[in-house]
Amino acid sequence: MDMRTTMGFYEDEKTARQYIEMAKGYDGAELIDALHAHLPDGASVLELGMGPGVDLDLLNDRYKVTGSDTSQFFLDEYVARNPSAETMLLDARELDTDQTWDCVYSNKVLHHLDDTELASSIQRQLTILNEHGFILHSFWRGSGVDEHHGLRFHNRIEEYIRALLEPYFIVKSIVTYKEMDIDDSFYAIAEKK
Ligand SMILES: C[S@@+](CC[C@H](N)C(=O)[O-])C[C@H]1O[C@@H](n2cnc3c(N)ncnc32)[C@H](O)[C@@H]1O
């Protein structure tokens, strides 16, 4: 992955604001409701790739949240609106932190990682998860790699993610859903073994 072009899109104020406009009307409410069936109120949640913070606001209604992203622009924007918010500049590939959480959540972020980066991110997530911690991640469903505006989109299928997680997690559910087109997305919820 070319880190400069991939990060540049969301780092640049103009394109980051374009993303905010484009993403209006979309949120992870369905995903967060599904997570709530497993994760009790008050649990600690780290969101990877929080973007404008739409899901972070929803997560914050139930959980003790930390928002993170590689884009300082998104972090600054969110903290300007929510001065007491806990945020971190974190790359999902490295997760360079000693803090631990009960859950690691991402919504349409890990497709920016190639297969090797995704596998190492999962290993790092195991380290930063508390005992019996949960993950919830959503993906674009399909095959191959697309490129838009210099961003890479690694499409994935349910079986691939199940096989990646099963050695380390109890996979609780993998659910296919519609983001923009029918069955274009899926999410996985899993508990650390
Ligand atoms: C498609 S947006 C999704 C944002 C948010 N989750 C939402 O649903 O609106 C992808 C986000 O992932 C962030 N991102 C891209 N690569 C990342 C990485 N390696 N680690 C963490 N965040 C990353 C981008 O800065 C952007 O905010």
Side-chain angles (χ1 to χ4, degrees), residues 1-12 15-16 18-35 37-38 46-52 54-55 68-71 74 90-95 103-126 128-129 134-193:
M1 183 194 297
D2 182 335
M3 185 165 165
R4 283 163 306 169
T5 53
T6 301
M7 298 307 164
F9 183 86
Y10 295 110
E11 274 296 330
D12 178 74
T15 46
Q18 279 171 11
Y19 170 76
I20 293 172
E21 281 307 308
M22 193 190 75
K24 274 197 175 136
Y26 296 97
D27 66 41
E30 178 186 340
L31 283 58
I32 293 164
D33 278 347
L35 179 65
H38 302 279
L46 170 68
E47 180 174 6
L48 308 179
M50 61 180 269
V54 176
D55 286 13
S68 74
D69 207 290
T70 43
S71 165
F74 282 136
L90 272 188
D91 189 323
R93 294 174 288 196
E94 288 147 18
L95 297 174
C103 176
V104 178
Y105 172 98
S106 77
N107 187 5
K108 298 292 172 57
V109 174
L110 299 183
H111 57 261
H112 290 309
L113 278 56
D114 67 25
D115 290 352
T116 308
E117 291 167 339
L118 179 60
S120 65
S121 176
I122 295 296
Q123 291 304 313
R124 282 296 302 144
Q125 290 177 40
L126 282 167
I128 64 167
L129 273 174
F134 278 84
I135 54 171
L136 186 158
H137 298 303
S138 75
F139 300 89
W140 291 110
R141 182 166 172 267
S143 58
V145 183
D146 297 325
E147 192 158 342
H148 304 288
H149 307 290
L151 296 175
R152 299 247 172 90
F153 292 75
H154 296 264
N155 301 307
R156 303 247 158 63
I157 55 171
E158 293 90 329
E159 292 77 7
Y160 181 85
I161 296 300
R162 182 180 290 280
L164 180 69
L165 298 180
E166 269 181 348
Y168 317 104
F169 292 88
I170 302 160
V171 176
K172 297 288 188 182
S173 62
I174 296 190
V175 176
T176 307
Y177 69 99
K178 172 186 172 180
E179 184 89 68
M180 292 174 173
D181 294 313
I182 193 144
D183 290 351
D184 63 357
S185 304
F186 69 93
Y187 65 82
I189 299 178
E191 180 182 359
K192 179 178 167 179
K193 279 184 184 169

Beyond-backbone contact of Phe169 with Leu129, side-chain heavy atoms, under 4.5 angstrom: yes
Minimum side-chain heavy-atom gap His137-Val104 below 4.5 Å: yes
Listed partners of Ser120 passing side chain to side chain contact (heavy atoms under 4.5 Å, CB included), at least two apart: none
Check: Ala163 main-chain N/O paired with Glu166 side-chain donor or acceptor under 3.5 Å: no
Set of side-chain hydrogen bond (donor to acceptor under 3.5 Å, both in side chains) partners for Thr176, sequence neighbours left out: Glu158
Any residue meeting ring pair (Phe, Tyr, Trp, His ring centres under 6.0 Å) with Tyr19, in chain and number order, not counting sequence neighbours: Tyr10
Polar side chain donor-acceptor pair, Asn107 to Ser138, under 3.5 angstrom: yes
OH-CG distance between Tyr105 and Leu31, expressed to the nearest 0.5 angstrom: 4.5 Å
Donor-acceptor contact present, side-chain Arg156 to main-chain Ile161, <3.5 Å: no
Salt bridge (Lys or Arg N to Asp or Glu O under 4.0 Å) partners of Asp146, counting only residues at least two apart: none
N/O donor-acceptor pair under 3.5 Å between Asp55 side chain and Gly28 backbone: yes
Member of Tyr177, Phe153, Phe186 meeting the ring pair (Phe, Tyr, Trp, His ring centres under 6.0 Å) criterion with Phe139: Phe186
Distance-only donor-acceptor check, side chains Ser121 and Gln125, under 3.5 Å: yes
Any donor-acceptor pair under 3.5 Å from Ser185 side chain to Trp140 backbone: no
With Lys108 via salt bridge (Lys or Arg N to Asp or Glu O under 4.0 Å) - residues at least two apart: Glu179
Residues which pass salt bridge (Lys or Arg N to Asp or Glu O under 4.0 Å) with Lys193, listed by chain and number, not counting sequence neighbours: none
